[in-house]
Structure formats: C-alpha cells, structure tokens
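To start, the structure under review is shown below, and the notes come after it.
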Amino acid sequence: MQVTLVRHGLTDYNLHGKVQGILDVPLNSIGLDQAKYASEFLKNETFDAIYSSPLSRAVKTAEAINKHFDLEIQTINDLKEQNFYDFEGADIKELIQNYPNGIDEHIESFESLSERVKVALDKIYEEQGPGKHILLTAHSRTIKAILNHFDNAVCIKTSPLENCSVSRISYDGKDGNVLEMNTLTMTNEKENKNQGMAH
C-alpha cells in the first residue's frame, strides 16, 4: 500500500504563529489557494481511497483534491493533530520565552501521538489492503509521526513540513519506507515562498 500524505493548507493560526493542536481552525484564503494547487499537483494520480483528520482544515484540503476523484472522504479521529491542551491558542513566541525548557511535559506525549497514528495507519491497511494508493490529509506533527515510524531521522518536533506539502510512504501492514517528504505543490518560486511562510 502506498500512502500520499498532504498537510492541510494555511490557517490564520499558522500565519500568526499560534498553537492550533486539536482546535478546529479553518483554512484562510491562502490555505484555500494552497489546497487548489495541491489538487492540481495530484490530479493525475490514481487514488483508491481518501482519509482525513476530522478537523476542517484537513477535510477542506481533502475536498479540494477530491474534485478530481469523487471518492468518499473518510475521517479518523486518531489523525487529529497533537493535543496541546491549555496551550492551544497561545502565541508560540511567548511560549518559547515563558517556557525555556519547552512544554513537552504539559502536552500530549510524542509516544501517545505516535501510537494513535499507527492505529490509524493499521486501520487503513486493514480496510484497503496491499496494492492500494491512499490519499491522507492531516497535520504537521501527525504526518511526521507517521513518517517517523519508518525513518527515525524524521523529527516530529523540528523537521520542516510545509502547508499542503506532499510526503509518501509504502506500508505492507508491518514494515514501511518513506518514499518522499515535504515536496512543495505550488508551481513557481514566488508561490513556493508563500507556501513556506508558516510551519
């Protein structure tokens, strides 16, 4: 099974450096445009199924891509972003100043995130099986947690993953490989700079 993973488009929280976590923050106008570019980038692919985080920024990204495929978009709660609890909505720069040792001990653990995304991936494999090509839309740390299962050089916290970038894995229900990571989907230098404006 091959899975093409697409991070959602830009939101105002991304733009202004605020923590999103599991808050349902919608795509902004730039994010909607990014989703359209991702749709064009992927239009010649062949997908057998589409899965998404249930948060609207991921679902709307999936919907934009799905205009070429007309598949059912299936949501899985375990594909939500890492839960930042009381820090959701906070300014990231202020958190860095106020918590010089980080906030990792106060948020959903990387172990928890890693376990639940693996549960989601196994669910998809059980439902779809070998030889299928799956589109999955989700969030930065969610996608990096999936990639980290197969390449520990991918850091869930610090590896870059741009909005509406494409990553790919292969997975046989037990072992997998990272085939591609963080490929930009916009089409020229100016637009690519715009795509990379928020992590």
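Just the heavy atoms: all of them, side chains too, but no hydrogens, waters or symmetry mates, feed the values below.
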Ignoring hydrogens and angles, tell me if any N or O in the side chain of K144 forms a donor-acceptor pair with the backbone of S159 under 3.5 Å. yes
Is there side-chain contact between L121 and I169, with heavy atoms separated by less than 4.5 Å? yes
Linked, directly or transitively: M1 and L79 (ILVMFWY side chains, under 4.5 Å): yes
Sequence neighbours excluded, which residues qualify as salt bridge (charged side-chain N to carboxylate O under 4.0 Å, His left out) partners of K132? none
Hey, does the side chain of T61 reach the backbone of G9 with a donor-acceptor pair shorter than 3.5 angstrom? yes
Any side-chain heavy-atom pair of Y85 and H106 under 4.5 Å: no
State the OG-CZ distance between S53 and R7, to the nearest 0.5 angstrom. 12.5 Å
Can you tell me how far OG of S170 sits from CG of L179, rounded to the nearest 0.5 angstrom? 4.5 Å
Any residue meeting salt bridge (charged side-chain N to carboxylate O under 4.0 Å, His left out) with D104, in chain and number order, not counting sequence neighbours: K157
Do L147 and S167 come within less than 4.5 Å of each other through their side chains, counting heavy atoms only? yes
N83: partners by side-chain hydrogen bond (donor to acceptor under 3.5 Å, both in side chains), with sequence neighbours left out: none
Hey, mind stepping through I134 and Q2 against side-chain contact (heavy atoms from CB on, under 4.5 Å) and telling me if it holds? CA-CA 6 Å; I134 310 303; Q2 180 172 308; over 6 Å; no
Taken in chain and number order and not counting sequence neighbours, the residues that satisfy side-chain hydrogen bond (donor to acceptor under 3.5 Å, both in side chains) with T137 are S52
Following the transitive rule for hydrophobic clusters with a side-chain heavy-atom cut-off under 4.5 Å over Ile, Leu, Val, Met, Phe, Trp and Tyr, establish whether L161 and V3 coincide in one cluster. yes
Verify the cluster assignment for I103 and L23: are they in a single hydrophobic cluster under the rule of side-chain heavy atoms below 4.5 Å apart? no
If hydrophobic clusters are built by linking Ile, Leu, Val, Met, Phe, Trp and Tyr wherever their side-chain heavy atoms come under 4.5 Å apart, do F87 and L55 end up in the same one? no
Find out whether T183 and F41 are in side-chain contact, i.e. whether some heavy atom of one side chain is under 4.5 Å from a heavy atom of the other. yes
Please give the remaining members of the hydrophobic cluster of L27, linking ILVMFWY side chains under 4.5 Å, ordered by chain and number. L32
side-chain hydrogen bond (donor to acceptor under 3.5 Å, both in side chains): pairs with one or both residues in residues 64-78, sequence neighbours excluded: S39-H68, E40-H68
dist C164:SG -> I30:CD1 (nearest 0.5 Å) comes out at 12.0 Å
Non-hydrogen side-chain atoms of V19 and L95 separated by less than 4.5 Å: yes
Can you list every salt bridge (charged side-chain N to carboxylate O under 4.0 Å, His left out) pair that touches residues 165-179, not counting sequence neighbours? E45-R168, R168-E180
Criterion side-chain hydrogen bond (donor to acceptor under 3.5 Å, both in side chains) on Y99 and E105, from CA distance to verdict: CA-CA 11 Å; Y99 294 85; E105 65 183 45; over 6 Å; no
Within this structure, what is the CG-CG distance for the pair L184 and N163, rounded to the nearest 0.5 Å? 10.5 Å
With rounding to the nearest 0.5 Å, note down the distance linking CD1 in I50 to CD1 in I73. 5.5 Å
According to the salt bridge (charged side-chain N to carboxylate O under 4.0 Å, His left out) rule, which pairs have a member within residues 79-93, sequence neighbours left out? none
Among D12, N14, T11, which residue meets the side chain to side chain donor-acceptor pair (under 3.5 Å) test with N28? D12
Cluster question for you: counting only ILVMFWY and a side-chain heavy-atom cut-off of under 4.5 Å, with indirect links fine, are L5 and V154 together? yes
Separation of S112 OG from R116 CZ (nearest 0.5 Å): 6.0 Å
Whether N152 side chain and N148 backbone form a donor-acceptor pair below 3.5 Å: no
So which residues get pulled into V119's cluster when ILVMFWY side chains under 4.5 Å apart are joined, directly or through others? none
Hits for salt bridge (charged side-chain N to carboxylate O under 4.0 Å, His left out) against E63, two or more places apart or cross-chain, chain-then-number order -> K60
Does N182 reach the main-chain N or O of E162 with its side chain, forming a donor-acceptor pair under 3.5 Å? yes
Can you list every ring pair (Phe, Tyr, Trp, His ring centres under 6.0 Å) pair that touches residues 125-166, not counting sequence neighbours? H8-H139, F47-H133, Y125-Y171, F150-Y171
Contact between F84 and R141 at the side-chain level, heavy atoms closer than 4.5 Å - yes or no? yes
Using the rule given for side-chain contact (heavy atoms from CB on, under 4.5 Å), can you reason through I92 versus K18, listing the C-alpha separation, both sets of side-chain angles and the distance that settles it, and then say yes or no? CA-CA 5 Å; I92 294 172; K18 292 186 176 183; 5.8 Å; no
Quick one: side chain to side chain contact (heavy atoms under 4.5 Å, CB included) partners of A145, sequence neighbours excluded? L113, V117, I156
